Amino acid sequence: MSSEKAVDQLPGRAGRREWVGLAVLALPTILLGLDMTVLHLAAPILSADLAPSSSQLLWIVDVYGFAVAGLLITMGTVGDRIGRRRLLMIGAAGFAVASVLAAFATSPELLIAARALLGLAGATLMPSTLSLISNMFRDPKQRQFAIAVWMTNFMIGGMAGPLIGGVLLEHFWWGSVFLIGVPPLLILLAAAPVLLPEFGNPGAGRIDLTSVVLSTGAIVAVVYGLKETAKDGPHLTPIAVMVIGLVAGYTFVRRQLGLAEPLLDLRLFRLAGFSVSLGAQTFGLFVLAAMQFLTVQYFQLVLGMTPLEAGLWMLPTMVTGIIGTLGAPLVLRWLRAGTAMTAGFLVAIPGLALMALSGRLQVVIGLAIVGIGIQVVLALTYDLVVGSAPPERAGVASGMGETGTELGMALGVAVAGSLVTAIYRSQVTEETLPQGIPSAARDTLGSAVAVAEQLPAPLAREVLELTRGAYTDGVQAAVLVSAGILAVLAVATATLLRRPRRAGVPDTLDS
């Protein structure tokens, strides 16, 4: 027997079948990364074809994310009960069918419904793939690398989305962007029964439907409120919806404490590796999503780049993010998980300082540094979140990790966007603008740029100088707030995940 084969067969270590299975699990991960980016390219074309109202267009774009965010916890629990491979295959089949329905939708209403079905199916894919990885790769070092590969595929999908989508839209109709995921899903459905083992919790009881409604309502309401606040600033409707969501969340938690078979096992939060890592993941993504959102806006509205140019200038951040993700397992050769996470946050802080200088190269280099630091942390937190949970609860732990991802991204965009808007409106007022300028210029920089295009050149320069300066001040304030958040996270991970490594015991159980 060769030494390689002997290693593969060691107890607790993954063999060839698991590594090939990881390649199969990469298919839905790449697909979800693609799906997040290609629709934005297709939106102008499908708008011309289907003529949706502004509200319908927003729902076409957002309903997928709302459905995914609201159902992640539920689907993680469902996977624990019915089997994670079975749920993955059901979700893959549903995603393929919904993709075809979306591609050939003949009205905005049908497209919204198809996107909602895509969200329902998509909510099964991420928790299923991550929990399967946690069960297939029980060796801590192998699991860390497998999760890093899993995250990298998601980022590769996001990077490839604009390129593949652009080629398709150049030669085919807008619906083609939805069909690109069908062939990989068919491959997954054929290979999963052969390469992916089944895992679940044989002792699981029935699913409490009231808890499903409460958890879904709470998360959807909070994410909706945050996204609407980011778009239009704080006002009554999103605030009221968020309050309703928080009440539903409180009721959900109280109900879980009294159930013999809760939808969400709150005992997971007693594990430091789980709770601290989940918090670090959520707020690390808060900072990363906020900086990426503001940078894209800054490139286009302040520096005057086209969307394609802005996307190309974001590629260094994607590349360094992949380096950070794949490099995270290597970092653990020298540092324990808590120290490595602290180091990642500390590496990102100088990147934020560089971004505050506001020059093009400074922002690009600074964001790339932020990306590599935070992506190291994210790779480690995903491993700790799923590795800290008992194997029979890996599904719900994965669902919680993905929910933290959705909430962190939505919260980061909403809070950063609201802060920049508040500073912008405090500086761009009726008194500071030249006389006779339409009031729309006081709302957002995008509106101000549109107004300036209709003005004589000298007056347009004056308006743009004021509004772009105000927006830049807002971005710098958001950068400083983000640096403070990362400093707090660095202290938290250093103190709460400080236990030394014990021989033979993985970091995931140390914390």
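The figures that follow rest on heavy atoms only: side chains count, while hydrogens, waters and symmetry mates do not. Please read these numbers as outputs of a predicted model, since none were measured by experiment.
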Just how far is it from atom CD of Gln362 to atom CE of Met355, taken to the nearest 0.5 Å?
11.0 Å

Is any side-chain heavy atom of Leu196 closer than 4.5 Å to a side-chain heavy atom of Leu88?
yes

For Ala98, check side-chain contact (heavy atoms from CB on, under 4.5 Å) against everything at least two apart and list the hits.
Leu117, Leu118

side-chain contact (heavy atoms from CB on, under 4.5 Å), that's the test. Do Leu110 and Leu101 meet it? Break it down for me.
CA-CA 8 Å; Leu110 288 176; Leu101 292 176; over 6 Å; no

Residues in side chain to side chain donor-acceptor pair (under 3.5 Å) contact with Thr282, at least two apart in sequence or another chain
none

Quick check: do Leu294 and Met291 have side-chain heavy atoms less than 4.5 Å from each other?
yes

Quick one, Leu378 with Thr325, criterion side-chain contact (heavy atoms from CB on, under 4.5 Å). Give me CA distance, side-chain angles, the key distance, then yes/no.
CA-CA 8 Å; Leu378 295 179; Thr325 300; over 6 Å; no

I need the Phe252 CZ to Ser215 OG distance, nearest 0.5 Å.
5.0 Å

In Å, rounded to the nearest 0.5 Å, how long is the span from CD of Gln281 to CZ of Phe286?
15.0 Å

Which pair of heavy atoms, one from Pro316 and one from Val364, lies closest together, and at what distance?
CG-CG1, 4.0 Å

Which atom pair, heavy atoms only, marks the closest approach of Ser99 to Val182?
CB-CG2, 4.1 Å

Between Met341 and Val376, is there a side-chain heavy-atom distance shorter than 4.5 Å?
no

In chain order, what residues pass the side-chain contact (heavy atoms from CB on, under 4.5 Å) check against Ala191, with sequence neighbours excluded?
Val24, Leu195

Taking all non-hydrogen atoms of both residues into account, name the closest pair between Ala192 and Arg85 and its distance.
O-CD, 3.6 Å

Can you list the residues that meet the side chain to side chain donor-acceptor pair (under 3.5 Å) rule with Thr129, with sequence neighbours excluded?
Trp150

Quick check: does any side chain N or O of Thr124 sit under 3.5 Å from a backbone N or O of Ala121, one acting as donor and the other as acceptor?
yes

Ser128 backbone acceptor or donor facing Arg84 side chain under 3.5 Å:
no

For Leu326, side-chain contact (heavy atoms from CB on, under 4.5 Å) partners two or more places apart:
Ala148, Val149, Thr152, Ile322

Just checking Phe299: does its CZ atom have more than 12 heavy atoms from other residues, nucleotides or ligands closer to it than 6.0 angstrom?
yes

State which residue, out of Leu186, Leu185, Ile187, fulfils the side chain to side chain contact (heavy atoms under 4.5 Å, CB included) condition with Leu27.
Ile187

Can you list everything that forms a side chain to side chain donor-acceptor pair (under 3.5 Å) with Gln292? Sequence neighbours excluded, please.
none

Out of curiosity, Ile323 CD1 to Met318 CE, how far, rounded to the nearest 0.5 Å?
12.5 Å

Interatomic distance, CD1@Ile374 vs CG@Leu489, rounded to 0.5 Å, equals 8.5 Å

Closest heavy-atom pair, Val331 versus Ala340, reported as atoms and distance to 0.1 Å, is CG1-CB, 3.7 Å

Drop me the distance from Tyr471's OH to Arg468's CZ, to the nearest 0.5 angstrom.
12.0 Å

Decide yes or no for Thr381 and Leu278: does some side-chain heavy atom of the first lie under 4.5 Å from some side-chain heavy atom of the second?
no

Check the pair Phe283 / Phe345 against side-chain contact (heavy atoms from CB on, under 4.5 Å), numbers first and verdict last.
CA-CA 11 Å; Phe283 288 99; Phe345 287 131; over 6 Å; no

Evaluate side-chain contact (heavy atoms from CB on, under 4.5 Å) for Leu25 paired with Met136, printing each intermediate quantity in order.
CA-CA 11 Å; Leu25 293 176; Met136 292 162 60; 4.0 Å; yes

Determine yes or no for a side-chain-to-main-chain donor-acceptor pair under 3.5 angstrom, with Ser176 supplying the side chain and Phe172 the backbone.
no

Is Leu188 close to Pro28 at the side-chain level, that is, under 4.5 Å between some pair of heavy atoms?
yes

With sequence neighbours excluded, give me every ring-ring contact (aromatic ring centres under 6.0 Å, His included) pair touching residues 108-130.
none

Over all heavy atoms of both residues, which pair between Leu125 and Ala92 is shortest? Give the atoms and the distance, please.
CD2-N, 3.7 Å

Please identify each residue that fulfils ring-ring contact (aromatic ring centres under 6.0 Å, His included) with Phe104, with sequence neighbours left out.
Trp173

Do the side chains of Leu120 and Met75 get nearer than 4.5 Å, heavy atoms only?
yes

State, to 0.1 Å, how close Gly245 and Ala218 come at their nearest heavy-atom pair, and which atoms those are.
O-CB, 3.3 Å

Got a sec, which residues hit side-chain contact (heavy atoms from CB on, under 4.5 Å) with Leu50, two or more places apart in sequence or on another chain?
Pro52, Pro108, Leu111, Trp174

